[in-house]
Protein chains: 2
Amino acid sequence: MVGIRDVANEAGLAPATVSRYLNGQIVLRPETGKRIDDAVKKLNYRPNVIARRLSSGDSETLGLVTPDISYPLFSAIASAAEMEATRQGYQLAIFNSRNSVETELNILRHLETRQLDGIALLTNHTDTAAAAERINAVGKVVLIDEDVTGAEAPRIFADNEGGGRLVARHLIEMGHRDIAFIAGPEGMISAEERRAGFAAELAAAGLSLRPDWTLHGEYSEDHGAEAAITLLRAEQRPTAVFACADVLAVGVMRAARELGVALPGELSLVGFDDMNFSGLLHPPLTTVRQDAEVFGREGVRALLRLLKGEPTVEVVRVPVSLVARDSVASVG
Amino acid sequence: MVGIRDVANEAGLAPATVSRYLNGQIVLRPETGKRIDDAVKKLNYRPNVIARRLSSGDSETLGLVTPDISYPLFSAIASAAEMEATRQGYQLAIFNSRNSVETELNILRHLETRQLDGIALLTNHTDTAAAAERINAVGKVVLIDEDVTGAEAPRIFADNEGGGRLVARHLIEMGHRDIAFIAGPEGMISAEERRAGFAAELAAAGLSLRPDWTLHGEYSEDHGAEAAITLLRAEQRPTAVFACADVLAVGVMRAARELGVALPGELSLVGFDDMNFSGLLHPPLTTVRQDAEVFGREGVRALLRLLKGEPTVEVVRVPVSLVARDSVASVG
DNA sequence: ATGGCCTAGTAAACCGGTTTAAAAGCGGCT
DNA sequence: AGCCGCTTTTAAACCGGTTTACTAGGCCAT
């Protein structure tokens with residue numbers, strides 16, 4: 001294993017000189033520089049990253065924490081983040097927190113031990129006090145997609161409220177007046193904002209969101225299905241449902257099929273996320289597109305700005321757009 | 001930042017003693033041990049992993065390389081692998097190679113610099129000479145799902161041939177005799193094995209796979225669509241298509257829709273992979289299920305066995321199963 | 001006492017870089 | 001010749017652990 005000392009010997013110089021030259025901290029007279037370059041090439045020298053981390057304190061590695069890397073939106077974000085990190089000369093290590101606070105804290109600890117220069121955190125639960133405390137203690141964290149209450153960190157969020165508005169407007173345009181809302185977990189900022197925008201736009205049209213047609217629960221297919229069954233079994237049925245995540249919408253579809261309810265004939269459905277297969281569902285799902293590319297890219301950029309002490313924006317809002325496909329029928 | 005020297009001071013011992021005690025390399029008399037434990041607790045000491053790696057040479061981190069973490073099968077494997085690694089006390093760092101040989105080689109280099117103890121490699125191209133050389137040089141690599149020709153490493157592969165057979169048998173049972181095959185890239189072992197099993201079983205039934213009905217190309221929706229168009233525009237159409245990956249099948253569906261060909265009425269379709277949304281497609285796709293959980297879990301286990309010098313199996317074959325849904329109609 | 005043999009604990013080198021403070025080399029000026 | 005100031009290069013400390021080889025102390029047998 002060839003080390004910097006070998007290179008120094010070969011070039012007839014001191015290790016310090018080699019190190020500083022290779023890191024661009026000094027300029028050597030061309031002839032000396034060439035001696036080093038030649039030695040590096042001849043010995044095929046690669047600096048040992050671990051050693052560098054230990055002494056310099058920088059790992060040149062960023063971390064991305066997701067609750068579940070197998071969830072399409074998250075893996076798409078991870079993919080985009082990896083791209084941007086690589087482009088900027090950093091490496092990205094991806095972690096699965098499985099939504100466990102414990103695991104999140106463990107990963108955040110990597111910041112203190114310098115294994116990670118910074119972390120982009122995607123989280124999915126409301127129990128955030130401990131994480132917030134740690135984030136504030138070390139800094140070097142950006143939040144993507146979902147909030148950690150009380151943490152001071154740059155945030156990259158979707159324009160959830162605008163998305164909610166888009167959905168309301170679309171359904172109203174299509175003639176719907178009896179509209180239900182399948183929400184995510186209570187207290188989750190993404191869900192709350194989507195609801196707020198949705199409700200506001202309904203209100204603007206003289207409609208209101210009925211409390212008994214607002215069903216909270218976790219972001220899962222099962223919750224979507226259960227909520228749909230509740231709605232469809234009630235004496236009065238909505239003509240349209242806004243499920244504020246595509247997984248929920250998939251659950252609604254499953255329930256509708258089981259109950260023999262035609263989509264979109266008897267029930268219109270809108271989702272949120274535009275997971276990459278949402279257009280392939282039956283019927284192709286009308287949904288609000290969140291741009292995973294932008295999340296990943298901007299997340300990494302914001303993190304790097306933070307690390308370099310450049311000014312960062314408090315909250316970046318990633319625009320969303322409505323993708324109208326075939327799961328909404330016009331009524332009236 | 002509290003270090004081992006601080007703990008040693010607090011406990012009135014030497015750093016070496018603390019280190020060896022904490023790593024279970026020596027047993028101290030209970031009272032001394034307690035002094036250390038107390039000091040650790042009092043100072044909230046956490047060993048610096050980087051420093052440990054540098055001196056001991058072990059990183060307790062495993063790497064998983066995938067061509068594209070946003071591809072459902074891969075992200076599912078990553079998720080399962082992360083689970084198993086954590087269970088065994090290792091951390092898993094996930095990398096996106098974007099199918100670039102260059103990137104793969106860079107990541108493999110982490111083995112030499114001890115950033116990674118071992119690597120589970122998922123690859124997706126046939127240009128494998130350089131990777132094979134490096135793998136053989138350092139060892140500590142297992143191959144998942146796809147081969148790297150010439151590499152000596154434990155392999156975790158699907159029972160591709162068996163899968164191909166299952167599909168052939170199913171289509172034959174449903175009365176099909178005119179069957180086309182949309183293959184993956186030429187030379188890719190998974191595609192070849194699937195074809196081999198498929199062809200063998202057709203042959204056993206007195207049928208043969210027509211060369212002009214065997215279309216190679218990359219694993220992408222576009223290739224699936226193009227192949228489907230070629231098949232559907234020919235004077236004689238097959239009654240069924242086996243697309244040897246679900247992405248390809250999705251492409252076939254798209255093309256069929258565009259050409260107004262009813263599925264499964266006019267064309268039956270079988271995929272391979274069972275990506276998590278394959279059952280949600282229209283029509284729900286009949287496909288061969290590859291168990292991502294098993295891939296991830298067994299990959300990590302095999303890797304750990306390899307690292308510990310325990311005997312490893314040359315090739316583990318992960319069983320597959322046919323999931324019959326609605327994309328195959330019976331004919332004749 | 002003396003030596004042999006444990007056990008408990010330690011000093012110091014080491015991993016492979018980075019970084020700081022200082023030395024060496026060199027030309028010009030008095 | 002002696003000194004200044006500038007550039008080029010280096011010795012040595014450091015990051016925070018691990019590991020090896022060794023010492024100190026206690027016990028038993030001779």
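Just so it is clear: chains get the letters A, B, ... in the order the sequence lines come, proteins before strands, and each one is counted from 1.
Under the 3.5 Å distance criterion, with hydrogens and angles disregarded, a donor-acceptor pair is assigned to the side chains of B:D68 and B:S70. Side-chain atoms of A:E146 and A:T123 form no donor-acceptor pair, as typed in the model, at a separation below 3.5 Å. Judged by distance alone, the side chains of B:D273 and B:Y71 do bring a donor and an acceptor atom under 3.5 Å apart.
Relative to the side chain of B:Q25, the nucleotides D:dG17, D:dT19, D:dC15 differ in distance, and D:dT19 lies closest. When distances run from any side-chain atom of B:P47 to the nucleotides C:dT10, D:dG17, C:dG17, the shortest one goes to D:dG17. Nearest nucleotide to the side chain of A:S56, out of D:dC15, D:dT10, C:dT19: C:dT19. Minimum atom distance to the side chain of B:S55 is reached by D:dG17, of the listed D:dG17, C:dG9, D:dA11.
Remark: B:K34 engages B:D38 in a salt bridge, criterion side-chain N to carboxylate O under 4.0 Å. A salt bridge links A:R98 to B:E82: one of the charged nitrogens lies within less than 4.0 Å of a carboxylate oxygen.
Between the P atom of D:dA12 and the CZ atom of A:R5 lies a distance of 13 Å, rounded to the nearest Å. Atom CD1 of A:I26 is separated from atom P of D:dC6 by 19 Å (rounded to the nearest Å). Atom CZ of A:R53 and atom C1' of C:dC15 are 15 Å apart (whole Å). As rounded to whole Å, 11 Å separates atom C1' of C:dT19 from atom CG of A:N23. Atom CG of A:D58 is separated from atom P of D:dC15 by 16 Å (rounded to the nearest Å). If you take CG of B:N9 and P of D:dG17, they are 13 Å apart, rounded to a whole angstrom. Residue B:R29 contributes atom CZ, which lies 9 Å from atom C1' of C:dT7 at whole-angstrom precision. Here C:dA11 presents its C1' atom at 14 Å from CD1 of B:I4, a figure rounded to the nearest Å.
Contact annotation for B:L13: backbone-only contact, meaning every heavy-atom pair under 4.0 Å involves sugar-phosphate atoms and none involves a base. Contacts of A:A51 with the nucleic acid, taken as non-hydrogen atoms under 4.0 Å apart, include base atoms. Within 4.0 Å of A:R20, counting heavy atoms only, lies at least one base atom of the nucleic acid. Residue-level contact check: B:S19 touches the bases, meaning some heavy atom is under 4.0 Å from a base atom. Looking at heavy-atom distances under 4.0 Å, B:L28 makes contact with sugar-phosphate atoms alone, never a base. Heavy atoms of B:Y21 sit nowhere under 4.0 angstrom from any nucleic acid atom.
Within 3.5 Å, no donor on the side chain of B:R52 pairs with an acceptor on the base of D:dG16, nor the reverse.
Mapping A:Y45 and B:E31 onto DNA chain C by nearest heavy atom places B:E31 at the nucleotide closer to the 5' end. Where B:A16 and B:I50 meet DNA chain D, the nucleotide closest to each residue was compared, and B:I50 sits on the side nearer the 5' end.
Counting only heavy atoms from C-beta outward, the side chains of B:N160 and B:R317 approach each other to under 4.5 Å.
Contact check, A:T17 against D:dT8: no side-chain N or O comes under 4.0 Å of OP1 or OP2.
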